[in-house]
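Down below is the structure, laid out as structure tokens.
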Amino acid sequence: MGTGHNVSKPCLLILSALMAAPASLASPWEQVTTPSTQPSQAIGSYANGCLAGGASLPLQGQGYQVLRSQRARYYGHPEAIRFIERLAAQSQQQLSTNILIGDISLPQGGRFSSGHSSHQTGLDIDIWLRLADRMLTNKQLAEPQPLSVVNLKQYQLLKDNWDERHFELVKLAANDQQVARIFVHPVIKQKLCATEDGQQREWLRKVRPWWGHHYHMHVRLKCPQDSQNCKPQAEPPSGDGCGAELASWKPQPKPAAPKVAAAKPKKKKPKVMPSQCQQLLEDI
């Protein structure tokens with residue numbers, strides 16, 4: 001509003017409340033600006049944990065750039081930083097492109113106020129499927145445009161957006177010994193299964209279908225040896241995951257169901273944060 005307009009006191013109060021809302025919704029972990037000084041350790045589970053002695057990923061390095069650095073989500077366990085630098089160098093050398101790094105973790109891990117329930121221990125990394133053959137400008141990095149490779153309504157690959165190097169990039173990541181799982185949209189997994197024509201299909205076992213991952217792959221690393229309080233995820237099922245399991249993800253038409261009164265959703269019990277994470281917050 002410009003000068004010369006009369007604004008009532010109730011309106012001012014409402015505007016003030018709206019302006020203050022984002023801060024009030026922030027996770028306490030987002031108020032932390034630096035890693036802790038303890039030895040490096042991923043603590044708890046991927047979706048209920050924190051990160052001691054984290055490291056920051058330089059915002060630009062050989063073969064990669066960090067997206068939306070203003071959100072300060074470029075911290076991780078040192079193993080995660082080394083993995084990114086390793087994969088980025090391979091991408092540049094073998095695929096002649098640069099990778100774009102999305103969210104990793106906050107300086108001391110913990111929950112984001114938006115975007116993910118995981119990424120809490122410094123071991124989850126989002127790598128966008130938009131390949132940067134040319135380095136992005138600062139403005140493009142701050143406000144990046146994602147590249148989806150899936151037509152979500154038709155449950156089909158967007159062939160014009162799919163690059164053969166996408167297959168190679170996911171395969172490079174999956175073959176890394178530190179990687180536990182990689183989450184991609186089921187249609188992407190289907191394309192990877194169809195493209196791999198060799199005998200060595202074990203890497204496909206790590207690539208798991210999951211909704212939402214149509215413009216990036218979510219890489220999850222194993223618990224590092226130095227992290228005794230890190231809770232690993234169960235091993236993926238045996239096999240390459242390209243058969244009936246993958247087919248079960250395809251949406252099926254459902255017959256119209258009779259209308260019934262909606263049951264009240266059961267309240268989920270709040271997760272109990274590991275004591276080491278509670279201590280980190282108290283030490284801030």
Side-chain angles (χ1 to χ4, degrees), residues 45-47 79-80 83-84 86-88 90-91 93-97 99-104 116-119 121 123-131 146-223 231-255:
S45 66
Y46 299 98
E79 288 285 358
F83 163 77
I84 293 168
R86 191 161 62 242
L87 180 65
Q90 289 177 304
S91 301
Q93 294 163 6
Q94 299 181 34
L95 307 180
S96 300
T97 194
I99 58 176
L100 299 174
I101 306 302
D103 292 342
I104 311 173
H116 307 278
S117 61
S118 59
H119 288 259
T121 60
L123 298 174
D124 290 300
I125 305 133
D126 284 347
I127 301 174
W128 284 31
L129 295 175
R130 176 181 175 182
L131 301 176
L147 176 75
S148 176
V149 299
V150 177
N151 183 320
L152 299 178
K153 289 186 177 180
Q154 297 183 12
Y155 199 76
Q156 292 179 349
L157 195 74
L158 288 170
K159 295 181 180 179
D160 289 345
N161 289 353
W162 181 259
D163 190 309
E164 292 181 0
R165 292 175 297 175
H166 287 133
F167 170 86
E168 299 297 340
L169 179 61
V170 179
K171 187 173 181 177
L172 279 173
N175 278 322
D176 192 289
Q177 293 299 311
Q178 292 302 116
V179 171
R181 294 180 180 229
I182 298 175
F183 300 101
V184 297
H185 191 279
V187 167
I188 297 176
K189 167 83 177 189
Q190 185 176 323
K191 176 62 176 178
L192 299 175
C193 291
T195 303
E196 178 54 81
D197 55 4
Q199 298 297 316
Q200 302 298 323
R201 300 178 65 87
E202 180 63 20
W203 66 273
L204 286 165
R205 180 187 179 197
K206 293 184 181 180
V207 183
R208 312 305 301 164
W210 203 257
W211 304 121
H213 297 77
H214 55 95
Y215 67 91
H216 71 283
M217 64 172 173
H218 175 163
V219 178
R220 174 164 291 171
L221 302 186
K222 299 175 182 177
C223 285
K231 293 183 179 180
Q233 191 167 4
E235 288 287 324
S238 59
D240 60 17
C242 294
E245 178 193 353
L246 179 58
S248 69
W249 284 79
K250 186 173 183 179
Q252 300 295 326
K254 295 181 180 179

Contact check, side chains of T121 and Y46, non-hydrogen atoms, under 4.5 Å: yes
Pairing residues for D103 by the side-chain contact (heavy atoms from CB on, under 4.5 Å) criterion, not counting sequence neighbours: R71, R73, F112, H116, H119, D126
I127 side chain near L100 side chain, heavy-atom distance below 4.5 Å: no
Passing option when V219 is tested against I104, I182, D124, V170 for side chain to side chain contact (heavy atoms under 4.5 Å, CB included): I182
Disulfide (SG to SG under 2.5 Å): pairs with one or both residues in residues 179-220, sequence neighbours excluded: C193-C242
Approximate separation, where rounding is to 0.5 Å, of L95 CG and E164 CD: 11.0 Å
Centroid separation H185 to W211 less than 6.0 Å: yes
Which atom of L123 lies closest to which atom of C223, heavy atoms considered: CD1-CA, 4.2 Å
L131 side chain near L169 side chain, heavy-atom distance below 4.5 Å: yes
Plane angle bin for H213 and H218 - parallel if under 30°, tilted between 30 and 60°, otherwise perpendicular: tilted
Presence of salt bridge, K222 and E235, under 4.0 angstrom: no
Heavy-atom check, side chain of L204 versus side chain of K189, under 4.5 Å: yes
Non-hydrogen side-chain atoms of I125 and L221 separated by less than 4.5 Å: yes
M217 side, atom CE; I188 side, atom CD1 - distance, nearest 0.5 Å: 10.0 Å
Inter-residue atom distance Q233.CD - R208.CZ, 0.5 Å rounding: 9.5 Å
Minimum side-chain heavy-atom gap D240-E196 below 4.5 Å: no
Flag if over 12 foreign heavy atoms under 6.0 Å of NZ, K191: no
Point-to-point distance, once rounded to the nearest 0.5 Å, from OG1 of T97 to CZ of R130: 10.5 Å
Exceeds 12 heavy-atom contacts within 6.0 angstrom, atom CH2 of W162: yes
Validation row: D176, L87 side chains within 4.5 angstrom (heavy atoms): no
From H214 atom NE2 to L147 atom CG, the distance as rounded to the nearest 0.5 Å: 10.5 Å
Electrostatic pair R165:E168 at N-O distance under 4.0 angstrom: no
